[in-house]
Amino acid sequence: MSTSPARRQAALAALALDDEALLKACEVDYFIASGPGGQHRNTTASGVRLTHPPTELSVSATERRSQVQNKGVALERLREGLKALTFVPKVRRATKPSAGSKRRRLEGKKRTSEKKSLRNSKSIW
C-alpha cells in the first residue's frame, strides 16, 4: 500500500495540529448509532464520523452512548490513521546467495546423502 507524497505531507501537517485545530480541519457528522446501549443510544445522534478532506481519511466511533466520548474516540482513531499514512515502507532489494553459502549448502546435502545411502547398504550378518 503506497501513499502519495501529497497525502503523506497532509497527514504530517495534520498530526502537528492540536485536537481543536484538527477537529476544525475535519468534517464532523453525527448520526444515530445502532446496536446495544438501550433507548438513549438508539434515539440520539451519538455516533460520530470524522472526515479529514486533505487526506481523504474517514473514521467513526459508535461505542459509547455519549456524543462527546465518541468524538474523543474518533479523534484518537483519526490520529492513528494519520500516523499510518506517514509510514514510509523500506525499499526492498533482491539479493542472491553468495558463492560460499551455495558451496556450504551443497556440502551439507552431500553429507546427508552419504549418511542416508549408508543406511541402505546390506549388512553381512
key: Same cluster (ILVMFWY, side-chain, under 4.5 Å), Phe87 and Leu82   = no

ask   = Can any side-chain N or O of Asn70 pair as donor or acceptor with the backbone N or O of Arg64 at less than 3.5 Å?
value =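 Side chain of Asn70 to backbone of Arg64: a pair is present.
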
query = Is Ser101 reaching over with its side chain to a backbone N or O of Pro97, donor-acceptor style, under 3.5 angstrom?
reply = no

key: Summary of salt bridge (Lys or Arg N to Asp or Glu O under 4.0 Å) pairs that have at least one residue in residues 81-109, sequence neighbours excluded   =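 Residue pairs passing salt bridge (Lys or Arg N to Asp or Glu O under 4.0 Å), neighbours aside: Arg103-Glu107.
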
key: Trace of the side chain to side chain contact (heavy atoms under 4.5 Å, CB included) decision for Leu50 with Leu23   = CA-CA 8 Å; Leu50 297 178; Leu23 271 174; 3.8 Å; yes

Throw together a table of side-chain donor-acceptor distances under 3.5 angstrom for residues 54-61, partners on residues two or more places apart or in other chains.
| residue | atom | partner | partner atom | Å |
| --- | --- | --- | --- | --- |
| Thr55 | OG1 | His52 | O | 3.4 |
| Thr55 | OG1 | His52 | ND1 | 2.8 |

request  = Evaluate the side chain to side chain contact (heavy atoms under 4.5 Å, CB included) criterion for residues Thr44 and Gln67: first the C-alpha distance (whole Å), next the side-chain angles of each, then the deciding distance (0.1 Å), finally the verdict.
outcome  = CA-CA 9 Å; Thr44 60; Gln67 192 180 82; over 6 Å; no

ask   = Of the non-hydrogen atoms in Leu85 and Ala11, which two are nearest, and what is the gap between them?
value = CB-CB, 3.9 Å

key: Approximate separation, where rounding is to 0.5 Å, of Glu20 CD and Leu75 CG   =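 Those atoms lie 10.5 Å apart.
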
ask   = Phe31 versus Val48: any side-chain heavy-atom pair under 4.5 Å?
value =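 No. Closest side-chain heavy atoms not under 4.5 Å.
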
message = Could you check whether any side-chain heavy atom of Leu22 comes within less than 4.5 Å of a side-chain heavy atom of Leu78, counting everything from C-beta outward?
response = yes

request  = Indicate yes or no: does Lys71 engage Glu63 in a salt bridge with an N to O separation below 4.0 Å.
outcome  =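 Salt bridge flag = no for Glu63 with Lys71.
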
ask   = For Arg49, what residues pass the side chain to side chain donor-acceptor pair (under 3.5 Å) criterion, not counting sequence neighbours?
value = none

